[in-house]
Amino acid sequence: MTEGSLDQETLLQHLGEEEKPHGAVVPPIYQNSLFTFKDFERFQSGFNWGASEEFVYSRLSNPTLRVVEEKLAMLEKTESALLFSSGMAAVSSAILSQVSAGDHVVAVDVLYGPTFGFLKNYLPRLGVETTFADGRDPEKVREATQDNTKLVVLESPGSYTMRLQDLQAISAIAKERSITTMIDNSYASPIFQTPVDFGIDLVVHSATKYIGGHSDVVAGAICASKKQISRLRAEELQYLGGSISPHAAWLLMRGLRTLPMRMKRHEATANHVAEYLLTREDLNGVFHVSLPNNPQAELYKKQMKGAGGLLSFLPPTQNREWVKAFCEALELFAMGVSWGGFESLCVPVKAKPLDWDRPQWVVRLYCGLEDPEDLVADLKQAFAKASGSG
Ligand SMILES: Cc1ncc(COP(=O)(O)O)c(C=O)c1O
């Protein structure tokens, strides 16, 4: 059997695991900081940090990490991948790898908060400015570019209002101007969206989410060309040192084995919950990428293969007390950040995309692996309590 003939789900179980020390069915955790050599020349070649295949020091590479990196690159259809200690280490390293003092970045308005903060508040200290644009309109992204723009930062879908960006249109605009594109693909996971199919250069993940999948590991990854990954390894990983531990990488390997099936289940449950929310006339909006009435439904069909477990709604009132009562009444949806694990979650947040004239309360739900009917029943009783009828 050749790798090319095998399905993604088969490769996820076996790729990178051809060597089986002692026949161990699960690759061991190489819990070591350094590797020793008998051969002088091999040791010397190992110092070529970016390009070397040798394992020298676990800040830069390690056999347990490599298994996961091979699987991630396969899933994202990139030549290479690099793990980091967190999603934010991956995000900030990806951005820093593309900019120098005097450069400019264009970013969409629906970014994860710390990514937004890094661009808006931190990068100006290094002489890099960012313009934020409404990512739903590629022309707005084009208008925001300048002669010194080096990078376009995307996050599609955005994880509160679930807005998409047209990856193909934006990457074409960027390519005309030799601008690199990067996307945070944590929402969709590589199972439901492979951005390089649409010309995106750097694909970043908070692997803490679906890839880890069990709410027990914080991790990040960048998937890109061999050239980009060698440079990231030799510079951002080497200098900033946001390296993942072998144990955390091993947890990602375990999570990856069930990623496709988990994604399908999260999606089915979120669709079920969305259908229920749509029956509630008191809500001021339901945001779920795969709904037929989503104004971006065509784009969703073009660039995503599924929706995943996230959705959100605008509550019946912007009264803080209602939001508090609803969230505190939930029993299965726990109030907590992040997503991708087994447990359903709820995040009340004040969102303000560029086109809203004021921040509004949005309640984000993440549908875990519980029974879908139990989750709907939990929502029903929380709505009843918050509205004073329960
Ligand atoms: C969309 C998105 N990107 C990146 C991150 C950062 O990832 P991490 O928490 O693994 O650093 C998060 C975390 O919640 C996120 O929601």
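Indexing begins at 1, ligand by ligand and atom by atom, following the structure's order. Predicted, not measured: the structure shown is a model, and the values here were computed from it.
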| note | Any heavy atom of A89 under 4.0 Å from ligand 1? The part involved is neither

Atoms of ligand 1 less than 4.0 Å from [X] heavy atoms?
{"X": "A219", "result": "10 (O)"}
{"X": "S86", "result": "10 (O), 11 (O)"}
{"X": "E155", "result": "1 (C)"}

| Taking distance alone, with no angle check, do V91 and ligand 1 share an N/O pair under 3.5 Å? | no

Can you report which non-hydrogen protein atom sits closest to [atom], along with the distance?
{"atom": "atom 11 (O) of ligand 1", "value": "M88 N, 2.8 Å"}
{"atom": "atom 8 (P) of ligand 1", "value": "G87 N, 3.3 Å"}
{"atom": "atom 7 (O) of ligand 1", "value": "S206 OG, 3.0 Å"}
{"atom": "atom 6 (C) of ligand 1", "value": "Y112 CE2, 3.4 Å"}
{"atom": "atom 10 (O) of ligand 1", "value": "T208 OG1, 2.6 Å"}
{"atom": "atom 2 (C) of ligand 1", "value": "D184 OD2, 3.4 Å"}

Any side-chain donor-acceptor pair under 3.5 Å between [X] and [Y]?
{"X": "S338", "Y": "K209", "result": "yes"}
{"X": "T149", "Y": "R177", "result": "no"}
{"X": "N319", "Y": "E321", "result": "no"}
{"X": "S215", "Y": "E343", "result": "yes"}

| query | Is there a donor-acceptor pair under 3.5 Å between the side chain of S156 and the backbone N or O of Q165? | reply | yes

| message | Can a donor-acceptor pair be found, under 3.5 Å and without considering hydrogens, that links the side chain of H205 to the backbone of V203? | response |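 No, because the side chain of H205 does not come within donor-acceptor range (under 3.5 Å) of the backbone of V203.
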
| request: Give a yes or no on whether the ring-centroid distance for F192 and Y210 is below 6.0 angstrom. | output: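 That pair fails the under 6.0 Å test.
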
With a 4.0 Å cut-off on heavy atoms, does [X] reach ligand 1?
{"X": "W339", "result": "yes"}
{"X": "A207", "result": "no"}
{"X": "K209", "result": "yes"}

| task | Show the numbers, then the answer: is there a salt bridge (Lys or Arg N to Asp or Glu O under 4.0 Å) between D355 and R163? | result | CA-CA 12 Å; D355 60 310; R163 291 174 173 188; 2.7 Å; yes

| message | Quick check for you: to the nearest 0.5 Å, what is the distance between H288 atom NE2 and Y300 atom OH? | response |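 One finds 7.0 Å between NE2 of H288 and OH of Y300.
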
